[in-house]
Protein chains: 2
Amino acid sequence: MLSSASKRICLSIRSRILLPRAATIYPAIFQQTLFQSTLTNNAKQLADIDHGKIRIQRSENLKSLVPIKDLIFGRTFADHMLEIEWNANQGWLDPIIKPYGKISLEPSAMVFHYSFECFEGLKAYKDKDGNIRLFRPDMNMKRFKKSATRLTLPDFNGDELLKCLKKLIRLDERWIPAERGYSLYIRPAIIGTQESLGVGATTRALLFIICSPVGPYYKTGFDAVRLLATTDKVRAWPGGTGDAKIGGNYAPCVQTQIEAAKRGYHQNLWLFGAEDEITEVGTMNCFVLLKNEQGETELVTPPLNGTILAGVTRDSILSLARSWNEFKVSERKITMLEVVKAQEEGRLLEMFGAGTACIVSPIKEIHYHGRDFSIPLDPNDPSSNAGPATKRFADVLVGIQYGEIPHEWSVVVP
Amino acid sequence: MLSSASKRICLSIRSRILLPRAATIYPAIFQQTLFQSTLTNNAKQLADIDHGKIRIQRSENLKSLVPIKDLIFGRTFADHMLEIEWNANQGWLDPIIKPYGKISLEPSAMVFHYSFECFEGLKAYKDKDGNIRLFRPDMNMKRFKKSATRLTLPDFNGDELLKCLKKLIRLDERWIPAERGYSLYIRPAIIGTQESLGVGATTRALLFIICSPVGPYYKTGFDAVRLLATTDKVRAWPGGTGDAKIGGNYAPCVQTQIEAAKRGYHQNLWLFGAEDEITEVGTMNCFVLLKNEQGETELVTPPLNGTILAGVTRDSILSLARSWNEFKVSERKITMLEVVKAQEEGRLLEMFGAGTACIVSPIKEIHYHGRDFSIPLDPNDPSSNAGPATKRFADVLVGIQYGEIPHEWSVVVP
């Protein structure tokens with residue numbers, strides 16, 4: 001007979017956007033899966049996020065703003081944070097905006113042991129008319145939901161969460177630097193908070209959003225990076241979690257980052273498989289512009305095959321390039337062999353990383369199998385730190401983000 | 001030029017057992033790796049864990065013991081916990097044993113975002129003479145150090161930590177149930193606590209140990225489990241973290257657990273690669289006893305190739321089997337094809353999972369590619385729920401753990 005622990009499995013059906021879950025599934029290894037007919041008996045509508053129920057508890061001690069020249073990424077935080085608790089019986093409780101402050105959890109909280117944690121990263125910009133703008137925040141909500149679902153964390157209504165997020169940004173508006181290039185980095189996260197060492201879906205979770213004013217990565221122009229191609233460690237695998245923005249994808253990569261830094265490279269280039277397919281650059285998506293063997297100019301980025309994060313900047317660059325219709329645009333496998341061959345034959349035009357943090361990051365060198373391969377920057381300007389296409393993507397994206405180029409991607413926060 | 005954020009990289013050299021680290025390595029993607037000659041200038045001896053410096057702050061409100069029949073795995077906790085803080089400037093601070101209670105962290109703490117978290121699991125047993133016993137705790141310390149290092153969390157002296165752990169167990173002795181089969185589950189963990197959204201090695205960490213009284217998995221005999229072979233998701237891969245006991249290995253597996261449960265299976269069998277190699281069973285190591293094609297009786301478990309957790313029970317079973325010298329013992333690749341062929345030819349003898357929680361867990365069925373394959377249990381006793389070898393491993397291990405069979409693996413806590 002199983003112990004009492006093993007007998008406790010109850011499934012609660014969640015509302016249309018909430019997935020079925022085993023509320024207690026430990027020891028899942030051994031439990032006799034007693035589907036106690038709760039599938040129908042306990043079916044009930046769990047509450048979803050409702051921005052109309054938001055409570056606002058203003059900080060009585062507003063902090064001093066940090067001079068923008070002193071900003072370090074992710075170290076300074078605005079006055080308030082958003083919190084929304086969830087539990088398997090009630091669903092999402094009322095959202096609360098409250099003073100930025102500590103989270104207290106029992107040491108048995110599941111987030112400390114089994115990495116029940118996913119997050120997002122987006123930015124709020126202030127345009128020249130003083131409007132607050134977000135860039136494609138619907139994409140972040142969509143990915144956030146996907147990441148949560150992958151970890152059996154609770155799903156939610158992304159439109160409602162976005163409305164809550166906008167209220168928070170509006171309240172902490174003074175933390176959005178007005179200078180072009182600066183922005184307020186927004187970090188939504190969901191963590192599993194059930195107090196249990198059992199491995200299974202959490203019955204309690206906390207969604208929170210914190211905001212951090214950040215500066216531009218490149219204060220004057222670009223700084224092209226040198227990469228160390230990584231062949232001994234692998235970031236993601238088919239059937240794994242490389243396409244979800246979850247905590248567990250990050251800590252394991254730091255050892256490799258440090259190894260690259262120790263060898264004098266800015267970042268590593270993640271490869272995959274026997275053919276050394278290019279996947280990501282550090283924590284960015286990767287783009288290659290080349291003249292292919294058919295003589296066509298082609299912009300290539302690896303496909304969303306499960307091992308690549310579906311970057312918002314990645315998607316935006318692909319959309320822009322397709323709308324320009326000036327060169328072939330491909331989401332396809334690209335190997336180091338292809339890059340090296342193109343480089344050796346003078347067909348490699350530009351390479352860059354792409355992500356929310358930097359928009360684009362030009363690549364000037366890759367160390368691979370004992371050799372340093374130079375990646376071209378601007379052939380017409382030897383002093384330039386970025387190729388013309390790389391610069392163009394950055395210019396257009398920044399223009400859209402700050403509302404200088406009208407585009408539906410830029411959303412004004414009311 | 002890079003922003004100030006990108007310029008901050010300082011390396012502090014740690015003492016003999018502490019690895020070099022980049023204390024601040026964000027935005028690592030872009031930073032110009034300025035090795036500010038801190039490698040030599042800032043070299044200093046960081047403090048290691050010292051059990052002699054332990055401070056004990058006893059709880060003034062001891063909790064009531066929970067009746068052992070009501071114990072649910074990992075839900076009840078003893079009165080005290082151990083905490084040891086670490087920072088990159090000082091190393092490990094003095095250990096403190098204090099009343100079990102909450103951990104308060106800023107929402108920007110790295111553990112909430114990037115899964116800087118690793119842990120261990122071991123048990124304290126009470127023998128018939130009232131002694132407290134641990135089972136091979138040195139193996140847990142060794143693996144804990146390895147897991148921490150993999151995530152660039154701080155390394156430490158395992159012997160000193162074990163001495164601290166023993167003090168905690170001794171203080172909370174009344175939480176170790178005296179009944180055979182019951183024990184106190186001990187959970188050491190290290191989390192990264194630096195308040196920063198930058199991805200890089202944490203400059204602050206917290207090591208803690210909590211203890212939870214637990215019951216046996218099988219109150220009367222065994223319960224053999226039915227497995228769903230998983231082919232669409234992958235637990236671990238070469239160059240990943242499958243051999244480290246880190247949080248990030250767990251949350252991503254729960255979706256698959258739930259899928260198996262929904263289909264009526266107790267747990268899933270993790271396969272890997274084009275040949276469907278057997279890797280782990282749920283969160284356990286996997287053993288197959290068969291008559292091989294050469295007619296030899298052979299106990300097979302997958303090798304420690306980086307994708308398998310180096311289980312203490314796994315190692316103990318291999319050692320026992322080798323000392324018995326009654327059949328061939330192999331750490332080698334074993335595919336589903338081999339298992340299915342052996343099953344169809346009547347050569348499959350037994351299969352079981354192995355781990356600290358259950359010791360061994362007999363397997364009676366595997367669903368694979370649309371078919372249910374029966375796994376033999378005891379051919380001489382149709383009513384038995386476990387094969388004779390499976391039972392023998394369990395009996396001997398339990399005998400050692402409770403001090404009934406004298407063995408160096410069982411360590412009495414002074």
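It should be emphasised that the depicted structure is a prediction, and the values quoted were computed from it without experimental measurement. So you know, we letter chains A, B, ... as the sequences are listed, proteins then strands, and number each from 1.
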Side chain proximity check, Met81(B) to Glu106(A), heavy atoms < 4.5 angstrom: no
Pick from Thr202(A), Leu151(A), Thr152(A): which one makes a side-chain contact (heavy atoms from CB on, under 4.5 Å) with Val254(B)? Thr152(A)
Over all heavy atoms of both residues, which pair between Gly101(A) and Pro107(B) is shortest? Give the atoms and the distance, please. O-CD, 3.1 Å
Relative to chain A, which segment of Phe208(B) carries a heavy atom at a distance below 4.5 Å: side chain, backbone, both, or neither? side chain
With a 4.5 angstrom heavy-atom cut-off, is it the side chain or the backbone of Arg226(A) that approaches chain B, or both, or neither? neither
Heavy-atom pair of closest approach, residues Phe73(A) and Ser196(B): O-OG, 4.4 Å
Tyr114(A) vs Tyr250(B) aromatic rings, parallel, tilted or perpendicular, using cut-offs 30° and 60°? tilted
Look at Glu117(B), Glu195(B), Lys102(B) and state which one has the largest set of heavy-atom pairs under 4.5 Å with chain A. Glu117(B)
With Asn385(A), which residues qualify under side chain to side chain donor-acceptor pair (under 3.5 Å), at least two apart? none
Sequence neighbours excluded, the answer for side chain to side chain donor-acceptor pair (under 3.5 Å) partners of Arg150(A) is Gln255(B)
If one checks every heavy atom of Ile103(A) against chain B at 4.5 Å, the contacting part turns out to be both
Go through the atoms of Phe119(A) and report whether side chain, backbone, both or neither lie under 4.5 Å from a heavy atom of chain B. side chain
Heavy atoms only, distances under 4.5 angstrom: which of Gly239(A), Gly121(A), Pro238(A) has the most pairs with chain B? Name it, please. Gly239(A)
Among the options Ser104(B), Gly240(B), Gly306(B), pick out the one with the most heavy-atom pairs lying under 4.5 Å from chain A. Ser104(B)
Taking side chain as C-beta onward, heavy atoms only, is Phe112(A) less than 4.5 Å from Leu105(B)? yes
Are side-chain heavy atoms of Arg75(A) and Leu197(B) found at a separation under 4.5 Å? no
Quick one: which of Ala251(B), Ala189(B), Cys118(B), Gly248(B) has the most heavy-atom pairs under 4.5 Å with chain A, could you say? Ala251(B)
Most heavy-atom pairs under 4.5 angstrom with chain A, which of Thr241(B), Thr230(B), Ile210(B), Ile191(B)? Ile210(B)
Highest number of heavy-atom pairs under 4.5 Å with chain A among Met110(B), Lys233(B), Glu83(B), Arg235(B) belongs to Lys233(B)
Side chain, backbone, both or neither: which part of Ser108(B) has an atom under 4.5 Å from a heavy atom of chain A? both
Using a 4.5 Å cut-off on heavy atoms from C-beta on, say whether the side chain of Ile246(B) contacts that of Pro252(A). yes
Verify the ring-centre separation between Phe272(B) and Trp237(A): is it less than 6.0 angstrom? yes
Minimum heavy-atom distance Gly247(A)-Ser115(B), with the two atoms named: C-OG, 2.9 Å
